[in-house]
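Since the structure comes first, as structure tokens, the remarks are kept for the end.
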Amino acid sequence: MLAPNEEDGSPYNYDFDTIDGNNRNPLYSLANNDREERRNRVLGNVALDYKVMPWLTLNGSYSYDYENNTFENYIPKGFLSDNPDGQAKDIGFIQRSNFNGRAQNIRFNALFSETFGVDDAFNFNFRLSYLNERYKSAFNNAEGYNLAVGGIRSLDNIKDRPALASESQTIISDSYFAIADFDYKGKYIFSGVVRREGSSLFGPDTRWANYFRASLAYRLTEDLEIPGVQELKLRASYGTAGIRPSYEMRFETFTLRNGAATKSTIGNNELKPAKTGELELGLNIDFLDRFSFEFNYVKAVTDDQILRVPLSAATGFGAQWRNAGEIEGTTLEASLNYDIIKNENFSWNMGIVWDKSEQKITRLDVPSYLTGPGTQNTTFFRVEEGQNFGIMYGSDFIRSLSDLPSGLDPNNYLVNGEGYVVDAATGSTPVARVDDEGNAFFVIGDITPDFRAAINTTLKYKNFSFYTLFDWKQGGDIYNRTNQWLYRDTRHAVSANSQVPASFYAGLYNTGNPSSGFVEDGSFVKLRELSLYYTLDGENMGNIGNFIESMRIGFIGRNLITWSDYTGFDPEITNQAEASRSDLTSRDTNGLGNDVNTPGGDPNVFKVDNFPYPTTKSYSFSVQLNF
């Protein structure tokens with residue numbers, strides 16, 4: 001890899017791999033492919049409060065957020081490799097893009113506060129609010145191959161016609177709020193919200209949407225004494241909220257290529273925001289002067305899901321964004337906090353948080369379809385009525401002779417050393433499940449974990465403080481596409497060192513299509529954070545103590561250790577390789593993902609291990625001075 005190229009003597013031999021010519025030297029690409037991005041951000045906020053009367057306060061605020069990004073990608077003329085861009089080999093490539101975005105928010109509030117009744121038993125707070133949101137952005141991109149002269153980074157150095165792309169957006173939203181909070185002696189508590197929102201993202205025929213929330217709480221121990229219980233509060237809340245469409249969804253859209261327009265999606269003047277209605281029931285209890293416990297039951301139904309619906313060819317358009325589905329979610333949450341020891345010099349506190357969630361598609365007004373995070377061959381998450389959200393769909397390679405498809409003779413098959421049924425003659429071909437109706441595709445995984453939990457503990461001894469946080473995820477499948485690629489080339493440690501024929505792993509690779517062979521349990525326990533602090537009082541710091549009240553020295557480590565049976569680098573698939581910043585859709589926060597069926601294309605939802613960076617460990621040291 002470190003040898004020079006025999007073609008021109010330049011550093012890093014690009015075609016170093018004599019076994020597989022498809023593998024190129026990454027050092028050569030890093031040395032010759034220059035990418036530079038510059039980001040500038042300006043944020044500001046101003047607020048004004050005016051207390052008109054003891055019971056009336058008026059306030060207003062204005063916030064501003066401006067962002068400017070520029071990006072350049074340059075591959076020189078005479079570049080030898082076909083990595084990272086095969087088209088750029090020999091002829092070179094240059095790309096330049098810029099993005100400008102500006103968000104402005106204006107808010108006005110009128111707050112009314114009053115206490116009345118015998119002994120001021122009633123407390124009432126009421127707020128009227130108006131919010132105006134404005135967002136404007138512009139993006140321009142130019143790129144092209146075949147540079148005329150080497151070493152010149154100018155767009156007019158492109159011999160062929162450059163490819164051009166641009167986008168501009170203007171989004172305006174208005175919201176009106178009425179919020180009321182009321183309590184009687186601090187034990188009967190009510191809170192309510194009414195909100196009306198209008199947005200240019202909604203269809204012209206459905207420009208406004210209404211939302212509300214109502215919450216009740218009763219502090220039972222204010223009326224009833226319960227031995228050993230210091231506080232018992234019962235809570236109930238129901239509210240609605242909306243999910244806005246992204247910019248291009250309501251418009252008639254076309255794909256432009258060299259000035260020629262091709263129909264893409266037909267507009268929808270009746271496109272509405274998806275609306276979520278959520279019921280929450282819960283309780284809080286403090287008992288035995290040491291324990292605090294909280295429990296929540298949450299039921300959420302999101303109706304009018306925004307989906308890309310395929311259309312008949314007779315329309316001339318490929319699809320339309322419609323409100324066409326409903327998804328139902330249920331969550332249980334619990335937390336317990338325990339003061340194990342608590343005195344002047346030494347304290348020890350422990351907390352446990354636990355939750356369990358599931359989401360099911362309860363209505364789908366379009367045919368079932370596949371979606372995913374958008375990277376190559378990862379569109380295998382099936383959206384289907386009656387199924388959990390996040391199920392994987394693909395070939396299911398069987399592990400028992402009893403599951404052989406009908407018509408196959410068990411004498412001709414065996415279970416190999418990897419636990420799969422293969423043909424007995426060569427041991428090379430894994431057998432996939434086929435049902436009696438000839439269906440060869442099945443649910444092979446589900447991203448939904450059994451539960452998640454976190455355990456934290458804090459120890460304090462005099463001026464020392466020690467804290468740890470463990471994060472536990474139980475269950476939830478991951479599709480290990482990294483392994484699948486390595487199996488194809490027999491470069492994974494399992495396939496390279498196995499006694500099973502190498503051709504078996506090529507069969508399990510399944511030509512890159514999804515299969516049960518690469519679905520793994522994503523359970524893990526992770527030491528998420530560990531910290532140690534020491535506080536030194538100024539009176540113990542000599543003359544410096546005349547200027548410094550205290551000094552706090554700390555060490556913090558995050559993501560330090562992971563315990564898991566997952567065979568990849570990290571079962572916490574949270575940082576997939578991002579699309580290029582030059583990609584038009586990646587420049588808009590709410591834009592479409594790489595997969596047209598998936599707004600946002602979130603790889604944190606669709607768990608596919610596709611060569612991501614592992615979660616990084618970090619170590620930091622801090623000094624805090626109080627004057």
Legend entry - Residue Tyr28 excluded, over 12 heavy atoms near OH under 6.0 Å: yes
Inset, instruction - Could you tell me whether Arg96 and Glu143 make a salt bridge, using a distance below 4.0 angstrom between a side-chain N and a carboxylate O? - result: no
Legend entry - Validation row: Ile447, Phe381 side chains within 4.5 angstrom (heavy atoms): yes
Inset, instruction - Indicate yes or no: at least one non-hydrogen side-chain atom of Asn125 is less than 4.5 angstrom from one of Phe182. - result: no
Legend entry - Heavy-atom check, side chain of Asn69 versus side chain of Glu67, under 4.5 Å: yes
Legend entry - Distance-minimising heavy-atom pair for Gly277 and Thr240: CA-CG2, 4.1 Å
Inset, instruction - Quick one: which residue pairs count as a salt bridge (Lys or Arg N to Asp or Glu O under 4.0 Å) with a foot in residues 82-95, not counting sequence neighbours? - result: Arg24-Asp82
Legend entry - Evaluation steps, side chain to side chain contact (heavy atoms under 4.5 Å, CB included), between Asn132 and Asn105: CA-CA 6 Å; Asn132 175 263; Asn105 292 341; over 6 Å; no
Legend entry - Any donor-acceptor N/O pair, Asn157 side chain to Val149 backbone, under 3.5 Å: yes
Legend entry - Criterion salt bridge (charged side-chain N to carboxylate O under 4.0 Å, His left out) on Lys272 and Glu197, from CA distance to verdict: CA-CA 12 Å; Lys272 300 181 291 185; Glu197 177 185 66; over 6 Å; no
Legend entry - Shortest non-hydrogen separation from Ser97 to Phe139 and the atoms involved: CB-CE1, 3.8 Å
Legend entry - From CA spacing to verdict: salt bridge (charged side-chain N to carboxylate O under 4.0 Å, His left out), Arg39, Glu37: CA-CA 7 Å; Arg39 304 184 186 186; Glu37 182 169 7; 3.3 Å; yes
Legend entry - Which residues share a side-chain hydrogen bond (donor to acceptor under 3.5 Å, both in side chains) with Thr276, sequence neighbours left out: Thr302
Legend entry - Main-chain N/O of Leu271 paired to Thr206 side chain as donor or acceptor, under 3.5 Å: yes
Inset, instruction - Check side-chain hydrogen bond (donor to acceptor under 3.5 Å, both in side chains) between Arg107 and all other residues, then give those that pass, not counting sequence neighbours. - result: Ser129
Inset, instruction - Sorted by first residue and then second, give each ring pair (Phe, Tyr, Trp, His ring centres under 6.0 Å) pair with at least one member in residues 144-180; sequence neighbours left out. - result: Phe93-Tyr145, Tyr130-Tyr176
Inset, instruction - Could you tell me whether Arg153 and Asp34 have a side-chain N and a carboxylate O separated by less than 4.0 Å? - result: yes
Inset, instruction - Not counting sequence neighbours, which residues clear side-chain hydrogen bond (donor to acceptor under 3.5 Å, both in side chains) with Tyr534? List them please. - result: none
Inset, instruction - Answer yes if the side chains of Arg528 and Asn559 hold a donor-acceptor pair under 3.5 Å, and no otherwise. - result: yes
Inset, instruction - Mark yes when over 12 heavy atoms from residues, nucleotides or ligands other than Glu252 sit less than 6.0 Å from its CD; otherwise mark no. - result: yes
Legend entry - pair Arg35-Glu72: side-chain heavy atoms closer than 4.5 Å: no
Inset, instruction - Return yes if some donor-acceptor pair links the side-chain N/O of Ser200 with the main-chain N/O of Ile172 below 3.5 Å, else return no. - result: yes
Inset, instruction - Determine whether Gln95 and Asn141 make a side-chain contact, defined as any pair of heavy atoms from C-beta on separated by less than 4.5 Å. - result: yes
Inset, instruction - Would you please say whether a donor-acceptor pair under 3.5 Å links the side chains of Gln305 and Asp303? - result: no
Inset, instruction - Check salt bridge (Lys or Arg N to Asp or Glu O under 4.0 Å) between Lys526 and all other residues, then give those that pass, not counting sequence neighbours. - result: Asp570, Glu572
Legend entry - Partner set under ring pair (Phe, Tyr, Trp, His ring centres under 6.0 Å) for Tyr238, not counting sequence neighbours: Phe212
Legend entry - Closest approach of Leu147 to Ile75 (non-hydrogen atoms, all atoms of both residues): CD1-O, 3.8 Å
Inset, instruction - Only counting residues at least two apart or in another chain, list the ones meeting salt bridge (Lys or Arg N to Asp or Glu O under 4.0 Å) with Glu326. - result: Arg363
Legend entry - Heavy-atom donor-acceptor pair, Gln359 side chain to Ile327 backbone, under 3.5 Å: no
Legend entry - Geometric class of the Tyr66/Tyr64 ring pair [parallel <30°, tilted 30-60°, perpendicular >60°]: parallel
Inset, instruction - Flag this pair as yes if the NZ/CZ of Lys275 is under 6.0 angstrom from the six-membered ring centre of Tyr211 and inside a 45 degree cone about the axis; otherwise no. - result: yes
Inset, instruction - Please confirm whether the backbone N or O of Val298 pairs with a side-chain atom of Thr331, one donor and one acceptor, at under 3.5 Å? - result: no
Legend entry - CA sep, side-chain torsions, deciding dist, call: Ser215, Ser191, side chain to side chain donor-acceptor pair (under 3.5 Å): CA-CA 5 Å; Ser215 303; Ser191 178; 5.2 Å; no
Inset, instruction - Look at the side chain of Ser29 and the backbone N and O of Asn83, then say whether any donor-acceptor pair between them is shorter than 3.5 Å. - result: yes
Inset, instruction - Output all residues satisfying salt bridge (Lys or Arg N to Asp or Glu O under 4.0 Å) with Arg481, sequence neighbours left out; order by chain, then residue number. - result: none
Legend entry - Lys617: salt bridge (Lys or Arg N to Asp or Glu O under 4.0 Å) partners, not counting sequence neighbours: none
Inset, instruction - If a pair satisfies salt bridge (Lys or Arg N to Asp or Glu O under 4.0 Å) and one of its residues is in residues 204-215, list it, with sequence neighbours excluded. - result: none
Legend entry - Contact summary for Thr458 and Ser465, nearest pair of heavy atoms: CG2-OG, 4.3 Å
Inset, instruction - Could you tell me whether the side chains of Arg235 and Asn296 share a donor-acceptor contact shorter than 3.5 Å? - result: yes
Legend entry - Pair Phe555 and Tyr533, ring centroids less than 6.0 Å apart: no
Inset, instruction - Keeping the roles fixed (side chain from Arg308, backbone from Thr265), state whether a donor-acceptor pair exists under 3.5 Å. - result: no
Legend entry - Residues which pass side-chain hydrogen bond (donor to acceptor under 3.5 Å, both in side chains) with Ser335, listed by chain and number, not counting sequence neighbours: none
Inset, instruction - Given salt bridge (charged side-chain N to carboxylate O under 4.0 Å, His left out), test Asp65 with Arg41 step by step and report yes or no. - result: CA-CA 7 Å; Asp65 184 353; Arg41 194 85 178 269; 2.8 Å; yes
Inset, instruction - Report yes if some heavy atom in the side chain of Asp355 is under 4.5 Å from a heavy atom in the side chain of Ser357; otherwise report no. - result: yes
Legend entry - Heavy-atom pair with the smallest gap, counting every atom of Asp471 and Ala453: OD1-O, 3.2 Å
Inset, instruction - Can you establish whether the number of heavy atoms outside Arg134 located under 6.0 Å from its atom CZ is more than 12? - result: no
Inset, instruction - Determine the minimum heavy-atom distance between Asp304 and Asn323, stating which atoms define it. - result: O-ND2, 3.0 Å
Legend entry - Heavy-atom check, side chain of Arg250 versus side chain of Trp321, under 4.5 Å: no
Legend entry - Pair Gln104-Tyr62, side chain to side chain donor-acceptor pair (under 3.5 Å): steps then yes or no: CA-CA 7 Å; Gln104 301 177 86; Tyr62 169 78; 2.6 Å; yes
Legend entry - Verdict with reasoning, Phe380 to Tyr479, per ring-ring contact (aromatic ring centres under 6.0 Å, His included): CA-CA 10 Å; Phe380 51 76; Tyr479 193 86; 4.6 Å; yes
Inset, instruction - Could you check if a side-chain atom of Tyr135 sits within less than 4.5 angstrom of a side-chain atom of Arg102, using non-hydrogen atoms only? - result: no
Legend entry - No-hydrogen, no-angle side-chain donor-acceptor test under 3.5 Å, Gln624 and Ser622: no
